[in-house]
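Read through the structure below, which is laid out as structure tokens, and then see the notes.
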Number of protein chains: 2
Amino acid sequence: MTIKEVSEKYDISQDTLRYYERVGMIPPVTRTAGGIRDYQEADLGWVELAICMRSAGLAVESMIEYVRLYQEGDSTIPARLQLLEEQRRILKEQKAQIETTIERLDYKISRYAIAVETGKLTWDEAAAEACGNTDAKRQRTDAGDKKL
Amino acid sequence: MTIKEVSEKYDISQDTLRYYERVGMIPPVTRTAGGIRDYQEADLGWVELAICMRSAGLAVESMIEYVRLYQEGDSTIPARLQLLEEQRRILKEQKAQIETTIERLDYKISRYAIAVETGKLTWDEAAAEACGNTDAKRQRTDAGDKKL
DNA sequence: CTAGTACCTGGAGTGAACTCCAAGTCAAGC
DNA sequence: GCTTGACTTGGAGTTCACTCCAGGTACTAG
């Protein structure tokens, strides 16, 4: 499979595919005699994995480390396991933060929806309604502050 | 409240607080006669909102737009509603991507855990086990390819 | 009044992750 | 063999979100 085909298949630029390989985020891709990339099934597996990790927001650096360990052989299996567990921990944290923010957006949106329907602003809360900050429970302001 | 206190309260640098204000991610903060920032309850609400949105990964740019609309007054309420709904859509997408990646990590981790326990690599799947890509359902490779 | 510390601004610098470019190589059609 | 278009590399440029810095101003203790 040519780089063009892979780029179309995964909707990612050819430059990014070359970049991933260059920095070691995927192992070296199979080449033709002439030096042209010819992605095999295994190469595609790595590409797909890289895209999956990146689209979840994981660092390029940690994927590079994973590939480095993989290339060092079976002795690095415990280290790889630890790395994967750490990445999972990061994602779970990020997911929790997103959920908190979605809740906050839901609340704001419900207030705005009412305002749009009735043509009036009817709330008087301060901007903060808890956001996962340790300090989230603050007292309400005294006045008709309509920011949200 | 001084910038130092706010920075400690939310565990964010003073530079970042000034940056948020400078680019318009929060409205201008209350100042003392001498020009020193003196965060009021309302200012803190904006700071907290900004931190919440950023920690979920939303763009600074969209927060700037929200503040701009807010400062233009009530006529922009429908536009603000639309903006918030768009941000929520983005977060839900990102959340789904994270969930997919966590599942993939779970699978890999379970395989590695077995390998660490038994001291042997016992799987033979290719690297890809579905990652939200349209192309996810690929055939297994023919050999004992132990990449994952 | 002075020393010292916290704060101010505008602007430059940084790191991450691409993205683009120039100059050259490879391969398919005529 | 020659043209044309896709591919190659190394390196430079871009964007985003900070982060740092220099030179100056404001409050606080002695």
Side-chain angles (χ1 to χ4, degrees), chain A residues 1-26 28-40 43-44 46-47 49-68 87 90-91 94 97-98 101, chain B residues 1-40 43-44 46-47 49-68 87 90-91 94 97 101:
Chain A
M1 219 175 181
T2 67
I3 197 167
K4 179 157 192 270
E5 287 163 341
V6 176
S7 118
E8 281 162 3
K9 179 179 170 108
Y10 295 112
D11 194 29
I12 183 180
S13 79
Q14 298 181 31
D15 271 316
T16 300
L17 282 167
R18 291 193 202 99
Y19 166 75
Y20 283 177
E21 187 178 351
R22 176 158 39 163
V23 299
M25 200 172 151
I26 59 174
V29 168
T30 312
R31 306 289 183 118
T32 64
I36 306 281
R37 285 176 185 81
D38 180 23
Y39 290 81
Q40 302 301 308
D43 299 314
L44 293 179
W46 281 107
V47 167
L49 178 62
I51 292 169
C52 184
M53 299 298 135
R54 283 297 303 134
S55 60
L58 291 176
V60 165
E61 191 52 39
S62 53
M63 187 71 196
I64 291 172
E65 176 67 2
Y66 180 74
V67 170
R68 200 186 61 70
Q87 301 311 302
I90 291 168
L91 286 189
Q94 185 59 18
Q97 183 56 59
I98 286 176
T101 306
Chain B
M1 218 176 182
T2 68
I3 196 167
K4 181 157 190 272
E5 288 163 341
V6 176
S7 119
E8 280 162 5
K9 181 177 167 108
Y10 295 112
D11 194 29
I12 182 180
S13 78
Q14 298 181 31
D15 270 317
T16 300
L17 283 166
R18 291 193 202 97
Y19 166 75
Y20 282 177
E21 187 178 352
R22 177 157 39 162
V23 299
M25 201 171 151
I26 60 173
V29 168
T30 312
R31 305 288 183 120
T32 64
I36 306 281
R37 286 177 185 81
D38 180 24
Y39 291 82
Q40 303 301 310
D43 299 314
L44 293 179
W46 281 107
V47 167
L49 179 62
I51 292 169
C52 184
M53 299 300 134
R54 282 299 302 134
S55 60
L58 291 175
V60 165
E61 190 54 39
S62 53
M63 187 71 197
I64 292 171
E65 176 67 3
Y66 180 74
V67 170
R68 200 186 61 69
Q87 301 309 304
I90 290 167
L91 286 189
Q94 185 58 20
Q97 183 56 59
T101 306

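Lettering of chains follows the sequences in order, A, B, ..., and the numbering in each one begins at 1.
- Here the C1' atom of nucleotide C/dG10 and the CZ atom of B/Arg18 are 12 Å apart, to the nearest Å.
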What's touching nucleotides 25-30 of chain C from the protein side, N or O pairs under 3.5 Å?
none

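- With rounding to whole Å, A/Met63 atom CE is found 18 Å from C/dA16 atom P.
- When side chains are defined from C-beta on, A/Thr2 does not count as touching A/Ile36, because their heavy atoms never get closer than 4.5 Å.
- Across the protein-nucleic acid pair, B/Asp15 atom CG and C/dT9 atom P stand 12 Å apart, rounded to whole Å.
- For the pair A/Tyr19 and C/dC20, the criterion of a side-chain N or O lying under 4.0 Å from OP1 or OP2 is not met.
- The closest side-chain heavy-atom distance from B/Glu61 to B/Ile64 is below 4.5 Å.
- Across all non-hydrogen atoms, the minimal contact from A/Ser62 to A/Gln87 is OG-OE1, 3.2 Å.
- B/Arg22 comes within 4.0 angstrom of a base, heavy atoms only.
- To the nearest 0.5 angstrom, B/Met1 atom CE is 9.0 Å from B/Glu8 atom CD.
- Rounded to an integer number of Å, the gap from CE of A/Met53 to P of C/dA17 is 15 Å.
- The nearest pair of heavy atoms linking A/Tyr39 to A/Leu17 is OH-CB, 3.8 Å.
- Taking atom CZ of B/Arg37 as the reference point, atom C1' of C/dA6 lies 13 Å away to the nearest angstrom.
- In summary, the side chains of A/Thr30 and A/Asp43 do present a donor paired with an acceptor at a separation below 3.5 Å, with no hydrogens or angles considered.
- Looking at heavy-atom distances under 4.0 Å, A/Arg54 makes contact with sugar-phosphate atoms alone, never a base.
- Side-chain N/O atoms of A/Ser13 include none lying less than 4.0 angstrom from OP1 or OP2 on C/dC18.
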Cut-off 3.5 Å, no hydrogens considered: what does the side-chain donor-acceptor table look like for residues 19-27 of chain B, sequence neighbours left out?
residue : atom : partner : partner atom : Å
B/Glu21 : OE1  : B/Arg37 : NE           : 2.6
B/Glu21 : OE2  : B/Val29 : N            : 3.0
B/Glu21 : OE2  : B/Arg31 : NH2          : 3.4

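- Chain A approaches DNA chain D over the interval D/dC7 to D/dG11, counting the first and last nucleotide 5' to 3' with an atom under 4.0 Å from its heavy atoms.
- Residues A/Arg18 and A/Ile3 form a side-chain contact, since some pair of their non-hydrogen atoms from C-beta on lies under 4.5 Å apart.
- The nearest whole Å value for the distance from the CD1 atom in A/Ile12 to the P atom in C/dC20 is 13 Å.
- B/Gln14 and B/Ser7 share no donor-acceptor pair across their side chains, judged by distance under 3.5 Å alone.
- Atoms CD (A/Gln14) and P (C/dC20) sit 12 Å apart, rounded to a whole Å.
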